[in-house]
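In what follows, a structure is listed as structure tokens, so that the remarks can point back to it.
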Amino acid sequence: MMLFTLVILPLIGGFLACWSQRVHQDAPKWIAAICTLVTLAFLISIKLTNNIENLELWLVDEPRAWIPRLNITAHLAMDGLSFVLLLLTLLMGLVGLSSAWSEINQHKGFFYGNYLWTLAGIIGVFLAMDLLLFFVFWEVMLVPMYFLIAIWGNENRRYAALKFFLFTQAGGLLMLLSIIALTVIHYQQTGILSFDYQVLVQSPIQSELAKWICLGFIIAFIVKLPAFPFHTWLPDAHTQAPTPASIILAAVLLKTGGYGLLRFVLPLFPESAQFWAPLMMTLAGVSIIYGAIMAFSQTDLKRLVAYSSVSHMGFVLLGCFSFNFYALQGAVMQMLAHGLSTSALFMLVGLIQHRFHTRDLNHLGGLWHTLPKLSAMGLFFGVASLGMPGMGNFIAELLVLLGAFKQAPIFAIVASSGLILAAVYSLRMIQKSFFGMNLNLETSFSDKKSSDNSSKNDLDNSSAGLRAKRLNDAHTHHITDLSVKEGLTLMLMCLGLIIMGLHPQPIFTLVNSSLMEILSLIQSPLQPESPLLEVQL
Amino acid sequence: MIELSALLTPLIILIVLLLAAAWSTWLERRLLGIWQDRLGPNRVGPFGLLQVIADMIKIFTKEDWIPPFADKALFIIAPMILMIMTLLGFAIIPFSPDIQIVEFDNALLFVLALSSLSVYSIMLAGFSSNSKYALLGAMRTAAQMLSYEVFMGLALMGVVVIAGSFSLNEIVAAQSDYWFILSQPLGFLLFLFAGVAESHRAPFDLPEAETEIVAGFHTEYASMKFGMFFIGEYLGVIFISALITTLYFGGWQGPMLPPIIWFMLKTALFVMFFILLRAAIPRPRYDQLMSFGWSVLLPLALLNLLLTAVWQLTLGF
Amino acid sequence: MSLHYLPAITLNIAILVLLLVIALKRSHQLAFYITGAGLFIACFSQCSLLRASHLSELHFSDELFSFSSMSVVLSVLLLGILIFIWLQLHTWLEKHEANHKEEFYLLLLLAGLGALGMIVSEHFASFFLSLELMSLSFVGLIAYSQSQPNSQEAGIKYLILSAVASAFMLMGIAIIYLQTGSLSFQYLAENLNNTTPSSMLFTIGLIFILIGLLFKLSLVPCHLWVADIFEGAPLPSTALLSTVSKLASFVVLWKLFHLGNWQENQVVLTLIGMVAVASMLIGNLLALLQNSILRILAFSSISHFGYLLILLFLFNHNADLLDNPTFPLEALLFYLSAYLITLTGAFSILMKLEEEKSLEALTGLFWSKPLHAASLSIVMLSLAGIPLTLGFMGKFYLVTASISYQVIWPLPFLVIASVIGLFFYLRVIMVMLSSTQTRHSSPSTAGEVASLWFIILLVMSLGTFPALFADTIKSVVG
Amino acid sequence: MIETTWVIILSFLLFAIGTFGLLSRRNLLFVLLSLEIMLNGIILLFVAASNLHGNNDGQIMYLLVLTLAASEVAVGLALVVQIYKQQQSLDVDTLTKLRG
Amino acid sequence: MVSASFIFYSFAIIIVTLTMLLVSHALNPRGQKRKNSYPYESGIVPVGDTNIRWNVNYFLIAISFVIFDIEAVYLYLWSLVVLETSWPGLTTAGLFILALFIALIYEIKQGAFNWGKRQQGE
């Protein structure tokens, strides 16, 4: 029941948060925070009591019959990879909460409820070992996310939410078809009807259909990742989502795609994955370059960060389909590092938006003078995301490129040009927002003011008193810098990135056995000589 | 080769019927005169018997007026339909063991079908006249005929239950022991009511009674076309009488006298009964007529059928 | 006579008693209770049948009707739906109909009786009679409202539609009768299996019957006016129409398909395939354009039955990968009950809302009536087939069945149609989310809250823990 | 007697006439009439088939169809009266309140 | 079934009726002198159209007729075979008639045959 508890805790917390609004306006956020913390504590206690990184690969909850008719089980399990991602999920959940703390003022109960349910869904995705269960979590996490975007988002939120939902749902349906086809064919070949990952993984299916089934999975995952042709939901969703939702979306939700690739596509379809690898690597390359170029041409900060995500997640895709140990490690590392850096960037953008009510690069500038702490943080994360050595991102990208080079040098070369482009857009962002003249902040304010009226956002605080206060702030330039809470959160994330960059070993130790397992299933010709070698970094 | 008698019988029957219908107008006027303590037509011929001829000449030489506002084709067809339908009905009546035009197994259904069809005549007459009196009269007549047709059929079924057949010949044969009037008194009464209403005779002649809506559906009719409605009505009376005779009074059966005489006697009796009804009973109101039919006669007809079936089953074993 | 006829007899008695009571003393309360008693007794007698005897002993047939465990379960489902709608009916009628409330129950019972008959019919005569009993009652139900001018228009449209459908069906029946000389399903099944492939005339007959059934199910080439009828009719009638009538018609379609050698009849198969694909796509595409939630439901039901048609292809299809010959039947039963339960839920929620017809009327419902909105959202998600709801499990069964029988070609259309479907299901939810103005709303009664929770719990719990439900269906079918 | 083939052809013809009338007529009363014609064609076919096979099933169906026709007309006429009261017209094309 | 005499009889009827019409037409005096192109309305110049609204009761009667007549058809059939179907048949028919009765009571209580009270129409 340990792992079930992990899912159930935020689920119950969500209901409590919903209900508690009747008791007090602020009760939901405290409940959400406490709930997340408890879950986190529980996760760590599980980790401490069951030594995962040691030989034992899986920390398994015994499968419980769920739909015995089709031998579908409620089977949860955790290995190093899951643990790392769960840790990321819960930590980022806390970060999101901290950014939601003062930003969300309407329908708090429902907001925190949805927030926790999203987390529950994501936790479920990382734990589910039964394919159908996995699918259920996969879809279920979308619904509250949809609500988060559609209710608390920015001006164009409905469109964005719908687009997000449709894209992922379409991918999900393909995955459902693939799951069923996989099971059925597996049954035909082995006589065992099971949706269980650990059963299915033992005997990969031999069928003409395998390729297409594999493609179904892949599409579902790269929609979520997102890779090039399926990425269009991402900029909209990120831009329109409220900051906490953006953080969850960028930091965790995207990772479920990468996780799916690592966990399901590679081990279940070793041959088909090889078959699709060239295509996927091409897509990865295109994503990296395209994302970077698009990021460069954005003026909206959130959109910029969103496109940079496309670029960064391209590395994950590249890593996954390079079929070697370095690349896989890199992919995992990239997921973690990207989770931290991007969510931090989103949080910063959220803070800026909260203060200046604009995300437009052209209306910002010279923030360094007004908000030195915030700008410093911005600088740090901007640099981190462009892959400065010493941060987690650098290690990740390096490893991916290293692995990819072994497999397909051309893609590695193409992808590495993405790094250069990353430097270009990151620096542009930094330069345009934090440095330069403090250009007409005031006029931008009055502009913003009028446009705020016209494009009226229901959920913006538009009560007269607050508007007057805001105007007052603008006139006196009384814009506060980072509060202690925000500063602390960001500092911690800095710390995380730096630790990842300087001492990635603990993470590698955690995930190595899982990755080894995956690799051994692929039986790639490029076996790593010894896992100890890479760890020298 | 068709036998001569096969052609002769229908012809004779037809002529007799037409004459009977014509002279029943005389009969009615004489009888009414007697019951109302006056003379009635008595100038033309002995007892005024030739009055009919005079009337006929008059009606033939009347202006054959087809109203310019009427729907001409329908206007002419309507009285024809009535005549034809009523006359066709006689085809199945067993006048005597050997005088019958055709022997149908489902003769009763044929009767019902014909009486339904004759509603068309009235509706068409009313509609084609394009006159308000005619239309009102037609609507009333049609509603009345339709209503009474339902339980006319149901009332007949009592006889069918006992005889076990729709065939009139078998029904007559089944009455060799006793007449069905004895076992079917309620059915007879119902059928009588329905018959009067079907032939829209007094007292159920509201649709066309002068004191109600001028002359009902044939307000605009003149000359022989009116005459056809007129004769059609008398033919209807004779037909209903013949049916009553066949169904409830043993048909042609009777002691001593030849069957055909018995049949004619019985039928003539009922024709006279119809005339007596006209003389004796006042008209009800139209709404009374309708609601009486639906809320009294229909349940009674159903009940009669059910009781007859029970009767038949208890006696049958 | 056997115990199997008890539900129908009960309904018959209820109808007669109700008619008499209405004639002698008009009382809404009384009519309500008589109907309820009739439905409950019928349902219990049906359930006790299921409980008491061993499932295989449920099979019973005579000339006109045949009963099986499947038909018993379907009848229970049908009666359950009727009971659920009946529960809401009193309040609704009190609110929306000024006079003559009692006859609604009468028509409801008649329609229920007809549907019940259709489910168990085994002979074209009994099938036809039940069908007409149902259809004509539905005309009454649809044209019921006197306060609402559109209701009569919807009524006449439905009358003409259903009359055309019956005419086509009858023509088909007549042609088949001309060909075979029998009207019994059983006879057809036995004699068609061992004769030569069916002739032209027979195929034409089948197609005529199919067209009729397609009208009843409002599948694509015959879907015109359906939305009009949905919109014009009083809400409970719409609910009944889209659940009871469709359930019964689909069961008949399945039955007919199950018998004889339709499966080898390429013409019929092609026709059904085309109809299925067209219904899935066009139903959902048309639903996109609608502004009334009822019209959306109408069109979405077209596509749902399009999905269901896929299952017809699986019968008698030999390439079964799961070695489970009854699985398509299970899937059919599961999907049908999932869809109908959800739809009944949707309608009963709409019945509780005052302004139910246009989509705008739902604006901001989430903030004025959170429970209503939440339940409606869940129902919509279930219709869309999002996991943890009943609708998803239905879709899962359907897809599993068709993959295991290697009928792959409709699945891409299914995916496309589902994604299109999401658009408008989500649109409903989005409309409820928009506008934060908290409108004044009348407080909900306890019964209302209870039934809303019941809907939520039913849809969610059967969707989350379908094991029991799935096992029941398996035991019924197997 | 008349051959069954001709009866069958006649019944198909009636059905076709009815269908055509249904599609082409715009007056509700005529639509209902066309339906009746269709049903009559079917009835004829049933009776002919019943005669052909020498069993009574077809005649039973004939009665049932007759009942259907009657009840359909009853319900239909009631609605037609209502609609005429409302719209002063029986044109099918005026029944457009429920569109779009 | 259809005998020669029946056919002959039918033709004779038609001929007779036609003759009656034709003879009267031939003897027709054809006077066009009067102003007789108006429908007869007791000497009053007609007002309005004949296409007037009818009392709804006529429709009710028509509908009731259609329904009850069809139901009577079932009873016609049953009355033929009362002896064959025996008591079970009687029970069934009794139930059928019971249903008819109840329907009739309903209809009467609804005022379907209540012509007096309605003021509109005609």
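Note that this is a predicted model, so its numbers are computed, not measured. In what follows, every chain begins at residue 1, and chains take the letters A, B, ... in the order their sequences are listed.
Interface check for chain C: of the options D:Val75, D:Thr19, D:Leu68, the most heavy-atom pairs under 4.5 Å are formed by D:Leu68. For the options D:Ser34, D:Ser11, D:Gly58, heavy-atom pairs under 4.5 Å to chain C are most numerous at D:Gly58. The residue among C:Leu133, C:Ile173, C:Leu289 with the most heavy atom pairs within less than 4.5 Å of chain D is C:Ile173.
Within the 4.5 angstrom heavy-atom criterion, atoms from both the backbone and the side chain of D:Glu72 approach chain C. Residue C:Ser135 does not touch chain D at all, counting heavy-atom pairs closer than 4.5 Å. Looking at C:Leu170, the atoms closer than 4.5 Å to chain D (heavy atoms on both sides) sit in the backbone and in the side chain alike. Of the atoms belonging to D:Ile43, not a single heavy atom falls under 4.5 Å from chain C. At a 4.5 Å heavy-atom cutoff, D:Thr67 makes no contact with chain C through either its backbone or its side chain. For a residue to count as touching a neighbouring chain, one of its non-hydrogen atoms must lie under 4.5 Å from one of that chain's; by this rule C:Leu183 touches chain D with backbone and side chain alike. Looking at D:Ile60, neither its backbone nor its side chain comes within 4.5 Å of chain C, counting heavy atoms on both sides. Contact annotation for C:Tyr158: neither backbone nor side-chain heavy atoms come within less than 4.5 Å of a heavy atom of chain D. Both the backbone and the side chain of D:Phe46 come within contact range of chain C, with heavy atoms under 4.5 Å apart. Both the backbone and the side chain of D:Val65 come within contact range of chain C, judged by heavy atoms closer than 4.5 Å.
When atom types are taken as modelled, the side chain of C:Thr238 and the backbone of C:Pro234 share a donor-acceptor pair closer than 3.5 angstrom. In terms of modelled atom types and a separation under 3.5 Å, the side chain of C:Asn284 and the main chain of C:Phe299 share no donor-acceptor contact. Between the side chain of C:Lys157 and the backbone N or O of C:Gly232 there is no donor-acceptor pair closer than 3.5 Å. Panel note: side chain D:Thr4, backbone D:Ala48; no donor-acceptor pair is recorded below 3.5 Å. Judged by distance alone, the side chain of C:Gln290 and the main-chain N or O of C:Leu286 form a donor-acceptor pair under 3.5 Å.
When only modelled atom types and interatomic distance are considered, C:Glu122 and C:Ser184 share no side-chain donor-acceptor pair under 3.5 Å.
How far OG of C:Ser245 is from CG of C:Leu141: 11.0 Å, rounded to the nearest 0.5 Å.
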ask   = Are C:His123 and C:Phe185 close enough, and set up right, to give a side-chain contact (heavy atoms from CB on, under 4.5 Å), and what steps lead you there?
value = CA-CA 5 Å; C:His123 192 274; C:Phe185 292 178; 5.8 Å; no

key: Worked check of ring-ring contact (aromatic ring centres under 6.0 Å, His included) between C:Tyr177 and D:His53   = CA-CA 9 Å; C:Tyr177 177 62; D:His53 293 289; 5.8 Å; yes

